[in-house]
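Take a look at the structure below.
All ligand and atom numbering here is 1-based and tracks the order in the structure. Predicted model only: the values in this text are computed from it and were never measured.
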Amino acid sequence: MVLIDKLVICGVGLIGGSFALALREAGAVGRIVGVGRSRAPLERALELGVIDEIATGWENALDGAGFVLLAVPVGQVEAVMVAMAPHLQAQTIVSDAGSTKGDMVAAAYGHLAAHLARVVPAHPIAGAEKSGVDAANKDLYRQRRTVVTPLAENDPAAVAQVKKLWETCGAQVSEMAAREHDRVFAAVSHLPHLLAFGLVHELAGRANAELLFANAASGFRDFTRIAGSHPEMWRDICQANRQAILGELDQYLSELAYVRALLFANDGNRLEKLFEDARRARTDWGCGQVDGGGGGVAE
Ligand code: NAD
């Protein structure tokens, strides 16, 4: 069933491209129009059949649009809203896929104030370390979650439409307040990415880095997989959610100080107890995951 006649994707990369492919596969969209920062990725998206046309500008893109997905790095959202605002038509629902929500909400209040009933922030909890439209995949959102963080001003019909689209992509949708979203994801996504980037960066700077990497095996691969994620995207996420991430880093540093103290004291019993508790929590979490294991995604 066609849910939107004209879908506009701003930022046709991994996330925007996968949304387009999933909705096309489900027969839920008429025409898909791409808007981008540079021409080459849009031409590639056209060649791959992810979009049907490249917009010549925002006026052209938004003419008759039912839905716009902003799937750009979160640091670009504000500038994109400023550019699109003068051309936004009353019927168009605007949503996003950004990994942080407080900044998206602030940008919406700042630049789309007249359109708040139809601006519905969202975040698909799915992804990969790969980026760009070549990595787009129609099944990316299957069995994954999408968190919607509605505004008090939202028209319930617009929220329902955003949820319906993500469900059509195969996702399980839940709701959260934007502030809570940013605190939760600082702990379980943003902090782990910082740790992975930091560890790889520190080891790579050592004189014997080649020897270290040559001997690194599956434990290192698992722990650092997400250090292969997109640097611009992660710079933006860290800056957008800076306060919450700083709080999480401080808590983690306290935990590391505790672990260090146990090791310094050669306290095997307490170390083993800590490992047991952590293993139990990790095992319980793995069993409760939507995808059964929580593996394979960047977020
Ligand atoms: P990507 O690099 O694959 O795609 C981003 C696209 O946006 C690129 O095509 C780029 O050219 C385009 N772009 C950049 N600035 C633009 C601008 N000003 N105007 C128009 N287009 C612009 O990145 P992605 O992984 O698809 O991430 C997109 C968004 O989704 C980010 O906000 C990210 O936080 C969020 N997200 C990513 C993941 C993940 O694991 N990759 C998961 C969930 C959410």
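- The shortest non-hydrogen separation linking A45 to V12 is CB-CG1, 3.7 Å.
- Here's the thing with V35: none of its N/O atoms is less than 3.5 angstrom from an N/O atom of ligand 1.
- Of all the heavy atoms of A126, the ones lying under 4.0 Å from any atom of ligand 1 belong exclusively to the backbone.
- Heavy-atom distances between A45 and ligand 1 stay at or above 4.0 Å for every pair.
- Ring pair W58/H87: centre-to-centre distance not below 6.0 Å.
- Note: M84 CE to L62 CG = 5.0 Å, rounded to the nearest 0.5 Å.
- At under 3.5 Å, a nitrogen or oxygen of I15, whether backbone or side chain, sits near a nitrogen or oxygen of ligand 1.
- In terms of heavy-atom proximity, V50 sits nearest to A20 at O-CB, 3.7 Å.
- If you check each of P124, G132, G127, A122 against atom 43 (C) of ligand 1, the one with the closest non-hydrogen atom is P124.
- Put simply, SG on C169 and CG on L23 are 4.0 Å apart, with the number rounded to the nearest 0.5 Å.
- Compare K130, M233, E129 by their heavy atoms: the one nearest to atom 37 (C) of ligand 1 is in M233.
- Aromatic ring pairs are classed by plane angle as parallel below 30°, tilted from 30° to 60° and perpendicular above 60°; the pair F19 and W166 is tilted.
- Here Q76 has side-chain heavy atoms under 4.0 Å from ligand 1, and that is the only part of it that gets that close.
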